[in-house]
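Both counts, for ligands and for their atoms, begin at 1 and track the order of listing.
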Amino acid sequence: MDVQQLLRFFELAKDYFESNLHELSRLDSVLGDGDHGQSMLKGFLCIQKEVAGKSFGSISELFSAAGRTMMREIGGTCGPLFATIFLQGALVSKGKETLKTEDFARMLRSSCDKIMALGKAKQGEKTMLDALIPAAEDLESSAAKGLDLAEALSSAAKAAKQGAEATKDMRATKGRGRYQGEQSIGHKDPGAMSVALIVQSLADAQKGI
Ligand code: ADP
Ligand code: MG
């Protein structure tokens, strides 16, 4: 993936959050305060504004601008947590002109570690991590098998989607969802669904969609 494909990723993500806005808001109104879809869409719209008309010399610069925008523009819990993914992208891609399967594996794995350190959640607590950890593991196994990036990201997108679906049966013990107790069971976590949308956007940008 090069800078142009990464720019396409941010554009696609904005489109996918636009089309999934109502579903994300619905899920967050069951589990939390209903703002998740709006917050994520605002983040990606602000990234579009931030990158418009600028030229980025490297992937790292672009990831860094996106991460800082997300951090600045989205309040609540999810701003710093989702910004982490792009800020880790900036670190992993330093000095690289293109990103390969192993770079994305490293980016998602270090994002999981940072997000766990920030939010003190672990796998199985019905959060974004329940989609992000399976995606990171899937990319690591694809890197070990030597899969090219298009195949690897498509497979990771499936893993993230399955991970997000599986949060339906989980009980929330972190974030606002924890106040719902047993009632949180039966609804997908919106943050996990957002991770699945992001990995799908990466896969589609790599495929040239
Ligand atoms: P807020 O809870 O501030 O309204 P959002 O609604 O935007 O924030 O985001 C909620 C999402 O954030 C949840 O669906 C969950 O995936 C994620 N989340 C909440 N708390 C944590 C945490 N401690 N660790 C990881 N992810 C979390
Ligand atoms: Mg919320």
Peer 1: Using only N, O or S atoms, tell me which atom of Asp33 is closest to the Mg ion (ligand 2).
Peer 2: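 Going through the N, O and S atoms of Asp33 one by one, OD1 ends up nearest to the Mg ion (ligand 2).
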
Peer 1: I'd like to check which ligand 1 atoms, numbered from 1 as shown, lie under 4.0 Å from a non-hydrogen atom of Gly76.
Peer 2: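 Answer for ligand 1: 3 (O).
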
Peer 1: One pair to check against side-chain contact (heavy atoms from CB on, under 4.5 Å): Ile59 and Leu99. What are the steps and the verdict?
Peer 2: CA-CA 8 Å; Ile59 295 179; Leu99 294 185; 3.8 Å; yes

Peer 1: What do you reckon, does Pro190 put a non-hydrogen atom under 4.0 Å from ligand 1?
Peer 2: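 Judged by the 4.0 Å heavy-atom criterion, Pro190 does count as contacting ligand 1.
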
Peer 1: Heavy-atom distance to atom 22 (C) of ligand 1: which of Gly119, Ala192, Ala117 wins?
Peer 2: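 Heavy atom nearest to atom 22 (C) of ligand 1 belongs to Gly119.
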
Peer 1: Among side-chain atoms of His36 and Ser194, is any donor-acceptor pair under 3.5 angstrom?
Peer 2: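 A donor-acceptor contact under 3.5 Å links the two side chains.
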
Peer 1: Please identify which atoms of ligand 1 are closer than 4.0 Å to at least one heavy atom of Thr77.
Peer 2: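 Heavy-atom distances to Thr77 below 4.0 Å select 1 (P), 2 (O), 3 (O), 8 (O), 19 (C), 20 (N).
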
Peer 1: For Ala121, counting its heavy atoms only, list the atoms of ligand 1 lying under 4.0 Å from any of them.
Peer 2: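 Ligand 1 atoms under the 4.0 Å threshold to Ala121: 24 (N).
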
Peer 1: What I want to find out is whether Lys100 reaches Asp103 closely enough, with some N-O distance under 4.0 Å, to be called a salt bridge.
Peer 2: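 Answer for the salt bridge query: no.
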
Peer 1: Would one find an N or O of Ser39, backbone or side chain, under 3.5 Å from an N or O of ligand 1?
Peer 2: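 N/O-N/O distance under 3.5 Å: no.
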
Peer 1: Which atoms of ligand 1 sit under 4.0 Å from any heavy atom of Gly175?
Peer 2: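 Once the distances to Gly175 are compared, the set is 19 (C), 20 (N).
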
Peer 1: Could you give the distance from OG1 (Thr84) to CE (Met116), rounded to the nearest 0.5 Å?
Peer 2: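 CE of Met116 is found 12.0 Å from OG1 of Thr84.
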
Peer 1: Would you please determine whether Arg176 falls within less than 4.0 Å of ligand 1 on a heavy-atom basis?
Peer 2: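 Yes, that is the case, since the closest heavy atom of the residue is under 4.0 Å from the ligand.
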
Peer 1: Less than 3.5 Å between some nitrogen or oxygen of His36 and one of ligand 1, yes or no?
Peer 2: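 Yes; the residue has a nitrogen or oxygen that sits under 3.5 Å from a nitrogen or oxygen of the ligand.
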
Peer 1: Does Lys120 reach ligand 1 with a nitrogen or oxygen that is under 3.5 Å from one of the ligand's nitrogen or oxygen atoms?
Peer 2: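 The answer is no, given that Lys120 and ligand 1 share no N or O pair closer than 3.5 Å.
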
Peer 1: Hey, which atoms in ligand 1 end up nearer than 4.0 Å to a heavy atom of Gly191?
Peer 2: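 What qualifies from ligand 1 is 14 (O), 16 (O).
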
Peer 1: Under 3.5 Å, is there a donor-acceptor pair linking the side chains of Asp138 and Ser155?
Peer 2: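 Yes, because at least one side-chain N or O of Asp138 sits under 3.5 Å from a partner of the opposite role on Ser155.
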
Peer 1: Within the 4.0 Å heavy-atom shell around Asp28, which atoms of ligand 1 are there?
Peer 2: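 What qualifies from ligand 1 is 6 (O).
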
Peer 1: Going by the closest heavy atom to atom 4 (O) of ligand 1, which one wins out of Thr84, Asp33, Leu27, Leu118?
Peer 2: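 Checking each option, the heavy atom nearest atom 4 (O) of ligand 1 is found in Asp33.
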
Peer 1: Considering heavy atoms of the protein only, find what lies nearest to atom 12 (O) of ligand 1 and give residue, atom and distance to 0.1 Å.
Peer 2: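 Nearest protein contact, heavy atoms only, for atom 12 (O) of ligand 1 is Cys78 CB, 4.3 Å.
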
Peer 1: Calculate, to the nearest 0.5 Å, the distance between atoms CZ and CD belonging to Arg109 and Glu137 respectively.
Peer 2: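 Reported to 0.5 Å precision, the distance equals 5.5 Å.
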
Peer 1: Do Gln88 and Ser111 pair up side chain to side chain, a donor and an acceptor below 3.5 Å, judged on atom types alone?
Peer 2: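 The answer is no; no qualifying pair exists.
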
Peer 1: With the threshold set at 4.0 Å, does a side-chain nitrogen-carboxylate oxygen contact exist between Arg26 and Glu23?
Peer 2: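 Glu23 and Arg26: salt-bridged.
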
Peer 1: One residue to check: Asp35. Relative to ligand 1, which of side chain, backbone, both or neither has a non-hydrogen atom less than 4.0 Å away?
Peer 2: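 For Asp35, only side-chain atoms sit under 4.0 Å from ligand 1.
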
Peer 1: Look at atom 14 (O) of ligand 1 and find which of Thr173, Val195, Asp189 reaches it with the closest heavy atom.
Peer 2: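 Result: the heavy atom closest to atom 14 (O) of ligand 1 is in Asp189.
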
Peer 1: Just go through Leu81, Ile115, Leu129, Leu24 and tell me whose heavy atom is the nearest to atom 18 (N) of ligand 1.
Peer 2: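 It is Leu81 whose heavy atom sits nearest to atom 18 (N) of ligand 1.
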
Peer 1: Keeping the roles fixed (side chain from Lys126, backbone from Thr167), state whether a donor-acceptor pair exists under 3.5 Å.
Peer 2: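 Yes.
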
Peer 1: Run Arg68 and Phe86 through side-chain contact (heavy atoms from CB on, under 4.5 Å) and show every step you take.
Peer 2: CA-CA 8 Å; Arg68 281 184 282 111; Phe86 303 142; over 6 Å; no

Peer 1: With a 4.0 Å cut-off, would you call Glu50 and Arg72 a salt bridge?
Peer 2: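 Answer for the salt bridge query: yes.
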
Peer 1: Under a 4.0 angstrom heavy-atom cut-off, which atoms of ligand 1 come close to Met128?
Peer 2: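 Counting from 1, the qualifying ligand atoms are 15 (C), 16 (O), 26 (N).
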
